[in-house]
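Here is the structure we will look at.
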Amino acid sequence: KINKNFKWLGFLNIVTSFFILAFYSVIGGWTIYFFIQSTIGNVANKHTTEMDIFFSSFISAPLNPIIYLAVFLGLTMFIVAKGISLMVAVYNKFLMPALFVMIIILLVRSVTLPGALEGIKWYLHPDFSKINGTIFVTALGQALFSLSVGHAVMLTYASYLPKNANLPKSSTYVAMFDLIVSILVGFVIFPAVFAFGIAPGAGPELAFVTIPQVFSKIFFGEIFVMIFFLLLLSAALGSSISHMEVSLSYFVETFKVKRSRICFVYGTLVFLFAIPASLSFGPWGNFELFHMNIFSIYEYATANISLPFNT
């Protein structure tokens, strides 16, 4: 039986999901831009320094990232307004298996790059002396975000399952495959990071700069880069749809409002809050609170505070 005294915790989950979607949509917009650029050959053939400049100049621009942010949120709103059942089916049956195959291809090439061995050693020999409370909370937040726990995504999707669904079994599979993929991605990223001389803590740059460099070292690299960003965009849309569905399901079921109408209102609010997060990489980059820009504030508040607390 649900204890109504903790109703506020459900609202906190909705707020958490809102701000996750706000900063996540910024990166989703980047993904659309890089997918388009990859289709015209502007990504795969650049050297590391060129890619770094290309990436930095785009995200620091005042207008272009916001346009692609709007496109990404528009796609999310359109899919959610129409209903998520078809998207979930396509996502699970085709897109995720394709992304897994792409990870395996990347892994094989990454570990065979010159200098990759140092990255493998760094990855497999952690420095436990650096583990402290901050590292633990950050890692916990990342794990919860990856598993969609602590912001009502799993609760929302579970409510759509048939009553005879085996939740413990399904949860075990989700956690197991999430762990396997995370380990494999580590073998993709860190050998390549050391091979191309990029800092291991570079953040989003790893996906937008490092991965294209790995693909450039294999046959038909331009095609693989294009496919990679298409799959990355699909994965990003899957996550954004999940976060928007959390709030929409609440408003639709509680207030009996039209799905399309609340989707438009909610998406517009997310867009307005996402604009400052996007501008924090450019014109508003000097605005900081607790030594963090607006994007980092959203990310830190949700991953390091809300998600562990909600869970």
Side-chain angles (χ1 to χ4, degrees), residues 13 16-17 20-21 24 27-28 31 76 79-80 84-111 119-120 123-124 126 136-193 200 203-204 206-207 210-211 214-215 224 227-246 299 302-303 307-308 310-311:
N13 274 257
T16 301
S17 190
I20 288 176
L21 183 57
Y24 194 82
I27 300 177
T31 309
T76 303
I79 295 170
V80 174
I84 65 170
S85 57
L86 178 60
M87 180 61 188
V88 170
V90 173
Y91 189 76
N92 289 331
K93 292 182 179 179
F94 301 105
L95 298 179
M96 283 301 96
L99 188 57
F100 184 80
V101 171
M102 190 66 67
I103 289 172
I104 298 300
I105 295 172
L106 279 169
L107 187 152
V108 173
R109 188 62 188 104
S110 184
V111 298
I120 296 173
Y123 181 45
L124 296 179
F136 177 81
V137 172
T138 302
L140 177 62
Q142 171 58 38
L144 296 174
F145 180 85
S146 180
L147 292 169
S148 296
V149 175
H151 41 118
V153 171
M154 283 299 182
L155 288 174
T156 302
Y157 279 171
S159 68
Y160 299 148
L161 291 174
K163 291 185 177 181
N164 62 348
N166 190 330
L167 289 180
K169 183 178 179 180
S170 299
S171 301
T172 301
Y173 283 147
V174 169
M176 181 178 65
F177 284 113
D178 182 80
L179 176 62
I180 291 172
V181 170
S182 298
I183 293 172
L184 292 177
V185 169
F187 280 105
V188 172
I189 295 294
F190 295 111
V193 160
L206 298 177
T210 307
I211 296 299
V214 177
F215 278 124
F224 277 110
I227 295 173
F228 169 76
F229 279 114
L230 176 61
L231 293 173
L232 188 64
L233 173 59
S234 302
L237 276 172
S239 294
S240 65
I241 289 166
S242 300
H243 287 98
M244 187 171 286
E245 181 66 19
V246 169
E299 183 182 21
T302 53
L307 290 182
N310 293 347
T311 304

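- Counting all heavy atoms, side chain and backbone alike, Thr31 lies closest to Phe229 at CG2-O, 3.7 Å.
- Considering only residues two or more places apart in sequence or on other chains, Thr210 meets the side chain to side chain donor-acceptor pair (under 3.5 Å) condition with none of them.
- With sequence neighbours left out, the ring-ring contact (aromatic ring centres under 6.0 Å, His included) criterion links Tyr123 to Phe187, Phe190.
- Residues passing the side-chain contact (heavy atoms from CB on, under 4.5 Å) test with Leu179, sequence neighbours excluded: Ile183.
- The main-chain N or O of Asn13 is never found under 3.5 Å from a side-chain atom of Ser17 such that the two would form a donor-acceptor pair.
- Shown here are the side-chain contact (heavy atoms from CB on, under 4.5 Å) partners of Ala303, two or more places apart in sequence or in another chain: there are none.
- Qualifying side chain to side chain donor-acceptor pair (under 3.5 Å) partners for Ser110, counting only residues two or more places apart in sequence or in other chains: none.
- Between the OG1 atom in Thr16 and the NE2 atom in His243 there is a gap of 9.5 Å [rounded to 0.5 Å].
- In this structure, Glu299 and Thr302 approach most closely via the heavy-atom pair O-OG1, 3.0 Å.
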For a quick test of your reading: what N or O donor-acceptor pairs under 3.5 Å do the side chains of residues 137-146 make, sequence neighbours left out?
unit_1	atom_1	unit_2	atom_2	d
Thr138	OG1	Thr134	O	2.8
Thr138	OG1	Asn304	ND2	3.2
Ser146	OG	Asp178	OD1	2.5
Ser146	OG	Asp178	OD2	3.1

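- The distance from atom CE of Met244 to atom CG of Leu237, rounded to the nearest 0.5 Å, is 10.5 Å.
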Check against side chain to side chain contact (heavy atoms under 4.5 Å, CB included), Ile211 and Val188: CA-CA 8 Å; Ile211 296 299; Val188 172; 3.6 Å; yes
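- Here Leu184 contributes atom CG and Leu107 contributes atom CG; the two are 6.0 Å apart, rounded to the nearest 0.5 Å.
- How far OG of Ser242 is from OH of Tyr24: 9.0 Å, rounded to the nearest 0.5 Å.
- For Ile227, the side-chain contact (heavy atoms from CB on, under 4.5 Å) partners at least two apart in sequence or on another chain are Met102, Ile223, Leu231.
- Expressed to the nearest 0.5 Å, how far OG of Ser182 lies from CG of Leu147 amounts to 8.0 Å.
- In terms of the side-chain contact (heavy atoms from CB on, under 4.5 Å) criterion, residue partners of Val101 (sequence neighbours excluded) are, by chain and number, Ile105.
- For the residue pair Ala235 and Leu99, the shortest heavy atom distance occurs at CB-CD2, 4.1 Å.
- Partners of Ser240 under the side chain to side chain donor-acceptor pair (under 3.5 Å) rule, at least two apart in sequence or in another chain, are Thr76.
- The CG atom of Leu233 lies 13.0 Å from the CD1 atom of Ile27; values are rounded to the nearest 0.5 Å.
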